[in-house]
Undergrad: 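Encoded as structure tokens, here's the structure I'll be asking about.
Just so you know, ligand 1 is whichever comes first in the structure, and atom 1 is the first atom listed for that ligand.
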Amino acid sequence: MTPYDLAPPQARRARPADGQGLIDGFGRHVTYLRVSVTDRCDLRCVYCMSEHMRFLPKAQVLTLEELDRIASAFVGLGVRKLRLTGGEPLVRKGLMNLVEALSRHLKSGALDELTLTTNGTRLAEFAAQLAAHGVRRINVSLDTLDPDRFARLTRGGDLAQVLAGIDAAQAAGLAVKINAVALSHDNAAELPALIQWAHGRGLDMTLIETMPMGEIDEDRTDQFLSLEAVRAELASFWTLTDLPLNTGGPARYVRVAETGGRLGFITPLTHNFCEACNRVRLTCTGTLHTCLGREDASDLRAVLRSGASDAELVAAIRLAVDAKPQGHDFHIDRGAAPSVTRHMSTTGG
Ligand code: SAM
Ligand code: SF4
């Protein structure tokens, strides 16, 4: 299947001329790049990785300089927001050098936001440096406040370390959003308490449906929890008011009157918002995925390592973005193979 299969031919537009920013074949402006800086992680969340993940040889992973060069090319093409992710970005050696280097685009005004998604285990060490380099907001993934459940879900993680990391981030002045994957067996009953806890600390919170990405050791259908059902349950005891906030992403937000906080729902399976998608993803091996839920891929590492000039790199990026699929094709059927074979940890969630 080609990336164009979903598209009625009349929906596609002519490719933009150079100098017009990054516009895909459906007229969507790409202004947001997520960069996975490593496939490695100090946790092994059950829905994300298998217990014995095999990580990539170092030679396949982009150097910090290569990551900077590709990310900066995107900034030159009009990308306004960069999110570093992984794997766990804070386990990448020298990451602060990359953050510092990329912060030049904040200073020049070319970039609106440089941010990070992290599991929080190393935030106590790095929060102050992130803030010093111009990071203002971060996402911390946290699915439970129960230490035993946390250890089981992450296969060995220490909840106290993450909570200390969140403290450090707040102390450094970073706005923290908590992301939790909704899991029917493991945290469904705890979600209201988790939301109350986050809002009580002045943190936004977003719930995510599990996505069928990469082989893991469990059957995800057992854990799949529709956020439509979660929202209906929350609405039975809280007052949820839709907020107009739209980040160009798949999240939709409500205000919870009783907690005063903001709650997001990311529902790639029960709804998709591909028509407004403004983002693409770069893996730590330099593969550009223009859709999270499809197998499309462009090898920018090969372009880079063939000695490409900046103009050739830009041309390769434009070509890839031009072919961005119209929408994803996630489905979560019992016994079915994952919709995409790569893991979230290599794609960069
Ligand atoms: N290690 C960092 C973290 O956990 O925040 C960044 C990378 S992690 C892959 C990014 C996000 O993807 C996390 O919030 C995680 O919960 C989510 N995630 C991982 N696998 C997922 C899956 N199969 N479905 C939905 N979300 C997933
Ligand atoms: Fe690591 Fe994040 Fe995946 Fe958990 S979700 S295993 S913390 S990459």
Undergrad: Quick one: does Met49 get within less than 4.0 Å of ligand 1, heavy atoms only?
TA: no
Undergrad: Using a strict threshold of under 4.0 Å (side-chain N to carboxylate O), is an ion pair present between Glu113 and Arg137?
TA: yes
Undergrad: Heavy-atom distance to atom 3 (Fe) of ligand 2: which of Gly157, Cys41, Cys48, Gly120 wins?
TA: Cys48
Undergrad: Looking at Cys48, which atoms of ligand 1 are within less than 4.0 Å of one of its heavy atoms?
TA: 19 (C), 20 (N)
Undergrad: Quick one: does Tyr47 get an N or O within less than 3.5 Å of an N or O on ligand 1?
TA: yes
Undergrad: So does Val181 get a backbone contact from the side chain of Asn187, meaning a donor-acceptor N/O pair under 3.5 Å?
TA: yes
Undergrad: Quick one: side chains of residues 170-177, donor-acceptor pairs under 3.5 Å with protein atoms, not counting sequence neighbours, listed by atom name and distance.
TA:
unit_1 : atom_1 : unit_2 : atom_2 : d
Gln170 : OE1    : Arg201 : NE     : 3.2
Gln170 : OE1    : Arg201 : NH2    : 2.7
Gln170 : NE2    : Arg201 : O      : 3.1
Lys177 : NZ     : Asn179 : OD1    : 2.9
Lys177 : NZ     : Thr206 : OG1    : 3.0

Undergrad: Compare Pro89, Cys41, Gly87 and give the one whose heavy atom is closest to atom 1 (N) of ligand 1.
TA: Gly87
Undergrad: Between the candidates Arg34, Arg40, Glu88, which shows the shortest non-hydrogen contact distance to atom 2 (C) of ligand 1?
TA: Glu88
Undergrad: Between CZ of Arg40 and NZ of Lys93, what distance do you get to the nearest 0.5 Å?
TA: 12.0 Å
Undergrad: Show me which atoms of ligand 1 lie under 4.0 Å from any heavy atom of Thr85.
TA: 6 (C), 7 (C)
Undergrad: May I ask you to test the Asp204-Arg262 pair for a side-chain heavy-atom distance under 4.5 Å?
TA: yes
Undergrad: Among Ser141, Gly120, Gly86, Ser36, which residue places a heavy atom closest to atom 5 (O) of ligand 1?
TA: Ser141
Undergrad: May I ask you to list the atoms of ligand 1 that are less than 4.0 angstrom from any heavy atom of Val181?
TA: 16 (O), 26 (N)
Undergrad: Kindly say whether Ser36 contributes a backbone atom to a donor-acceptor pair with the side chain of Arg92 at under 3.5 angstrom?
TA: no
Undergrad: Does Arg69 pair with Asp310 as a salt bridge, N-O distance under 4.0 Å?
TA: yes
Undergrad: Below 4.0 Å from any atom of ligand 2, is there a heavy atom belonging to Gly86?
TA: no
Undergrad: Can you tell which part of Thr118 has a heavy atom less than 4.0 Å from ligand 1: side chain, backbone, both or neither?
TA: backbone
Undergrad: Does this structure show an ion pair linking Arg122 with Glu88, if we count only N-O contacts that are shorter than 4.0 Å?
TA: no
